[in-house]
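So the structure is just underneath, and the comments pick up after that.
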Amino acid sequence: KRIKQMEEHSMLMGRKNQYHENGHTAQGNLQIQYFKGVTYLTEEKVYEITELFFSSAEALVESFRKAKQHTKEELKSLQAKDEEKNENEKGKAACSAAAMEEDSEASSSSTGDSSQGENNLQKLGPDDVSVDTDAIRRVYTRLLSNKKIEVAFLNAPVYLSPNVECDLMYHKVYSQDPNYLNLFIIVMENRNLHSPEYLEMALPLFCKAVSKLPLAAQGKLIRLWSKYSADQIQRMMETFQQLTTYKVISNEFNSQNLVNDDDAIVAASKLGGEVDTNHNEEDDEEPIPESMDPLENELGVKTLDCQKSLIPFEEFINEPLKEVLEMHKDYTNKFSFMTYPFLVYAVTKNLGLYYDNRIPMYSERRITVLYSLVQGQQLNPYMRLIVRCDHIIDDALVRLEMITKENPADLKQFYVEFEGEQGEGGLVVEEIFNPDIGMFTYDELTNLCEPPHPANPSFQTEGWFTLIGIVLGLAIYNNCILGVNFPMVVYRKVMGKKGTFYHLGDCHPVLYQSLKDLLEYEGNVEDDMMITFQVSQIDLFGNPMMYDLKENGDKIPITNENRKKFVNLYSDYILNQLFGEVFIWCPVNLPYLLRPEEIELLICGSQNLDFQALEETTEYDGGYTRDSVLMREFWEIIHLWMNRKDSSSKKNLKERLLKAITYVKGFGML
């Protein structure tokens with residue numbers, strides 16, 4: 001049956017190709033020639049017509065156009081004509097009908113366009129499209145209930161997509177006619193695209209065609225979709241997710257047959273926009289663009305500006321895809337999922353960073369060995385960071401700043417050495433976060449690590465923030481979990497964003513609630529609260545410090561009208577002025593790989609630990625098994641700790657475990 005349908009379609013396409021000139025179909029002529037003799041409809045002819053139009057790019061471009069909006073002058077003219085028509089209705093109607101028929105024939109023969117061709121003359125704004133999406137949805141709702149017409153819709157993209165791909169790649173049709181975007185809008189409104197019948201051939205071919213759209217067209221499509229409801233956007237997102245999942249489970253991907261090489265998965269992934277993760281500021285003479293994602297630049301927005309996403313970011317991650325990714329080969333593949341980070345989990349991206357780190361490291365080791373064999377020189381592949389025991393922070397700060405300016409690549413592989421003995425990177429980290437030296441303070445209420453107090457300006461320097469950025473970058477790059485909890489606003493600063501009132505609740509919940517109450521207060525703020533644009537801050541010694549949020553702030557009362565301005569200025573003072581910019585160091589474009597919450601996960605680790613699952617999946621070696629006495633005691637102690645209980649038994653094992661945990665520090669070399 002399917003073969004017969006394809007043969008019938010081939011006959012139709014043969015008629016269509018008679019009017020194909022230089023890769024383009026004269027659609028107006030096609031309609032006139034093919035349907036001029038049609039004076040009645042049958043069921044089969046309706047299916048035939050539907051499939052023909054939905055498999056023709058030119059037909060879809062002209063279909064479902066919005067009604068032309070008349071100007072005021074045109075409306076007055078139409079009103080005058082209506083009044084004349086009432087005087088001699090029959091005569092005028094006959095003349096009007098004859099004139100319309102004559103104009104239609106003249107227009108069709110001279111331009112080769114459809115009766116809707118005049119819409120091409122309408123100038124579209126940057127966010128406007130000429131297609132009527134509401135009309136499309138009504139048509140789909142009625143037609144998709146018929147199984148035979150649904151088959152026509154299923155076949156149409158199979159024949160449509162290769163021609164569209166060709167038009168976009170070689171004929172640059174979008175630059176000639178922006179209305180070409182209409183066909184993508186029409187096809188995407190098909191609510192059955194995610195069904196299994198489409199996943200095998202129709203949807204993969206269509207995705208490949210969509211991925212060939214120029215950047216301007218993609219931006220326009222996104223602007224249109226941004227006006228859709230959450231349910232409509234969710235449906236489209238799930239359509240592409242279904243395609244990826246279907247392709248993953250229906251193929252056997254492995255290290256020899258990489259998922260990166262599947263055309264359908266690659267095309268579906270590309271619809272989200274590509275990120276340049278290898279961009280390096282030192283390689284460019286011109287400044288870095290605002291975003292490494294070309295779509296963000298085209299749209300003039302950044303995903304980080306989103307306070308709350310319409311659809312949770314997690315729903316874009318494809319679970320089956322994670323199981324077949326070979327990250328050690330993704331690193332060198334022509335298509336890398338690291339350039340489409342919204343599709344994979346943070347741990348998968350972290351694994352990609354691991355290989356990005358290790359592969360060059362091993363290469364440099366081999367070069368070092370080769371030099372030693374050929375030249376007899378014993379070279380050290382690692383950078384030494386020499387510090388004095390009693391000046392760890394000062395020495396580390398100076399040396400790291402020098403390395404950052406001279407050769408940042410050396411930061412990938414270095415170790416700490418105290419004068420006279422070798423140390424560990426973890427000791428520098430431990431000293432940095434030691435509250436006794438004042439680089440950080442710890443909030444007992446939130447249990448978060450705060451920036452240095454304004455009364456302790458010795459650490460409020462550019463070098464201080466440079467050091468913090470280097471430490472955070474190295475921790476992520478070397479898969480090292482730091483025992484420190486920063487407010488989320490710190491990770492936003494890592495991404496180059498400022499903190500706002502929205503983020504104040506994370507690190508200053510009491511202040512956040514007070515300001516929120518101020519914004520929601522229904523009485524007279526000025527008379528009832530008597531507060532001004534001057535705020536106080538307690539220093540390290542418990543003394544109040546006054547700060548004017550505006551010039552002469554102590555003389556400017558807060559009113560119902562200006563309270564929002566006060567809240568924004570106060571939030572900016574706490575989150576941005578007291579805490580400077582943190583520029584994280586990392587050899588890759590970390591802000592474009594990870595979201596703030598993902599960076600927090602990689603630095604602090606997960607707070608939800610399932611030791612029962614860990615025990616069930618643990619593999620043993622060295623002669624030990626799950627039933628070994630020592631192993632049983634080990635897990636008993638772990639589970640006792642998780643239940644907040646203690647036991648006097650197994651004392652020696654417990655002490656050794658505590659020592660092991662205590663002395664595991666440093667970024668490590670392997």
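In this chain, residues are counted from 1 in sequence order. The basis for the numbers below is simple: all heavy atoms, side chains too, and nothing from hydrogens, waters or symmetry mates.
- Checking side-chain atoms of His171 against main-chain N and O of Leu168 turns up no donor-acceptor pair under 3.5 Å.
- With a 6.0 Å cutoff to the six-membered ring centre and a 45° limit on the axis angle, Arg563 does not count as a cation-pi contact of Tyr570.
- The side chain to side chain donor-acceptor pair (under 3.5 Å) check on Lys564 picks up nothing, with sequence neighbours excluded.
- Annotation: the span from Leu325 atom CG to Leu351 atom CG amounts to 9.5 Å, rounded to 0.5 Å.
- How far CG of Leu511 is from OG of Ser571: 7.0 Å, rounded to the nearest 0.5 Å.
- Ion pair Arg492/Glu597 not flagged as a salt bridge, since none of the NZ, NE, NH1 or NH2 atoms sits closer than 4.0 Å to an Asp/Glu carboxylate oxygen.
- Residues Tyr345 and Glu319 have side chains that bring a donor and an acceptor to within less than 3.5 angstrom of each other.
- Side-chain atoms of Gln218 never come within 3.5 Å of backbone atoms of Glu298 as a donor-acceptor pair (strictly under, hydrogens ignored).
- Interatomic distance, CD of Glu62 versus CG of Leu183, reported as 11.0 Å (0.5 Å rounding).
- At distances below 3.5 Å, at least one donor-acceptor pair connects side-chain atoms of Lys349 with backbone N or O atoms of Pro341.
- Looking only at atom types and distance, the side chain of Asp167 has a donor-acceptor partner in the side chain of Tyr180 under 3.5 Å away.
- Here the shortest heavy-atom pairing between Leu504 and Ile574 reads CD1-CG2, 4.0 Å.
- More than 12 heavy-atom neighbours from other residues, nucleotides or ligands sit within 6.0 angstrom of CD on Glu326.
- Taking each heavy atom of Arg223 and Lys227 in turn, the nearest pair found is O-CG, 3.6 Å.
- Between the side chains of Asn146 and Glu150, no donor-acceptor pair of N or O atoms lies under 3.5 Å.
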- [ ] Could you check Leu181 against Leu213 for side chain to side chain contact (heavy atoms under 4.5 Å, CB included), going step by step and ending with a plain yes or no?
- [x] CA-CA 9 Å; Leu181 195 64; Leu213 277 171; 4.0 Å; yes
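- No donor-acceptor pair under 3.5 Å is formed between the side chain of Lys322 and the backbone N or O of Thr348.
- Val259 is listed as a side-chain neighbour of Phe337, based on a closest heavy-atom distance under 4.5 Å.
- Annotation for Leu160 and Ser56: closest pair CD1-C, 3.8 Å, computed over non-hydrogen atoms.
- Not a single donor-acceptor pair under 3.5 Å links the side chain of Asn182 to the backbone N or O of Val129.
- The aromatic rings of Phe153 and Phe54 sit perpendicular to each other, their planes meeting at more than 60°, with 30° as the lower class boundary.
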TODO: Mind running side chain to side chain contact (heavy atoms under 4.5 Å, CB included) on Val158 and Leu205 for me, showing each step along the way?
DONE: CA-CA 7 Å; Val158 176; Leu205 289 173; 4.2 Å; yes
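- For the pair Glu323 and Phe253, the minimum side-chain heavy-atom distance is 4.5 Å or more.
- In this structure, a donor-acceptor pair under 3.5 Å is absent between the side chains of Gln242 and Glu238.
- Thr42 is not listed as a side-chain neighbour of Val46, based on a closest heavy-atom distance of 4.5 Å or more.
- For the atom pair CG (Leu448) and CG (Asn485), the distance works out to 6.5 Å, reported to the nearest 0.5 Å.
- Checked by atom type and distance alone, the side chain of Asn260 never pairs as donor or acceptor with a backbone atom of Ser336 at under 3.5 Å.
- Nearest heavy-atom pair across Val187 and Leu193 is O-CD1, 3.4 Å.
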- [ ] Under the side chain to side chain contact (heavy atoms under 4.5 Å, CB included) rule, what do Phe335 and Leu258 come out as? Steps first, then yes or no, please.
- [x] CA-CA 10 Å; Phe335 175 83; Leu258 294 178; over 6 Å; no
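- Contact check for Val61 versus Arg65: side-chain heavy atoms found under the 4.5 Å cut-off.
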Task: Test ring-ring contact (aromatic ring centres under 6.0 Å, His included) applied to Phe501 and Tyr512, step by step - done: CA-CA 8 Å; Phe501 171 66; Tyr512 171 80; 4.8 Å; yes
Open item on the list: Under the criterion side chain to side chain contact (heavy atoms under 4.5 Å, CB included), I'd like the reasoning laid out for Trp225 against Gln232: C-alpha separation, chi angles, the key distance, then a yes or no.
Closed with: CA-CA 9 Å; Trp225 288 346; Gln232 292 168 331; over 6 Å; no
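- Taking 4.5 Å as the limit, every side-chain heavy atom of Val344 sits out of range of all side-chain heavy atoms of Asn318.
- Using a 4.5 Å heavy-atom cutoff, the side chains of Ile149 and Leu144 are not in contact.
- Of the possible polar contacts, one joining the Ser145 side chain to the Arg142 backbone as a donor-acceptor pair under 3.5 Å is found.
- Put simply, the side chain of His508 never gets that close to the backbone of Gly505: no donor and acceptor are under 3.5 Å apart.
- Met327 approaches Gly352 most closely through the heavy-atom pair CE-CA, 3.8 Å.
- Of all heavy-atom pairs between Arg235 and Asn190, the closest is NH1-O, 3.6 Å.
- Of the possible donor and acceptor atoms, one in the side chain of Asn576 sits under 3.5 Å from a partner among the backbone N and O of Gly499.
- Judged by distance alone, the side chains of Gln234 and Glu315 do bring a donor and an acceptor atom under 3.5 Å apart.
- Of the N and O atoms on the side chains of Glu43 and Tyr47, at least one donor lies less than 3.5 Å from an acceptor on the other residue.
- Here the side chains of Leu593 and Leu353 are in contact, with some heavy-atom distance below 4.5 Å.
- Ring geometry, Tyr491 versus Phe486: the interplanar angle exceeds 60°, so the pair is classed perpendicular (tilted spans 30 to 60°).
- Of the N and O atoms on the side chains of Asn155 and Ser55, not one donor lies less than 3.5 Å from an acceptor on the other residue.
- Asn251 contributes a side-chain N or O that, together with a main-chain N or O of Lys247, makes up a donor-acceptor pair within less than 3.5 Å.
- Side-chain contact between Cys207 and Leu243 is present, with at least one heavy-atom pair separated by less than 4.5 Å.
- Separating the OH atom in Tyr228 from the CD1 atom in Ile233 is a distance of 9.5 Å, to the nearest 0.5 Å.
- Side-chain atoms of Asn179 and Ser130 include a donor-acceptor pair closer than 3.5 Å.
- We find the CD1-OG1 distance between Ile249 and Thr244 to be 11.5 Å, quoted to the nearest 0.5 Å.
- Exactly one residue among Asn192, Leu154, Val151 makes a side-chain contact (heavy atoms from CB on, under 4.5 Å) with Glu197. That residue is Leu154.
- Using a 30° and 60° split on the angle between ring planes, Phe342 and Phe316 fall in the perpendicular class, above 60°.
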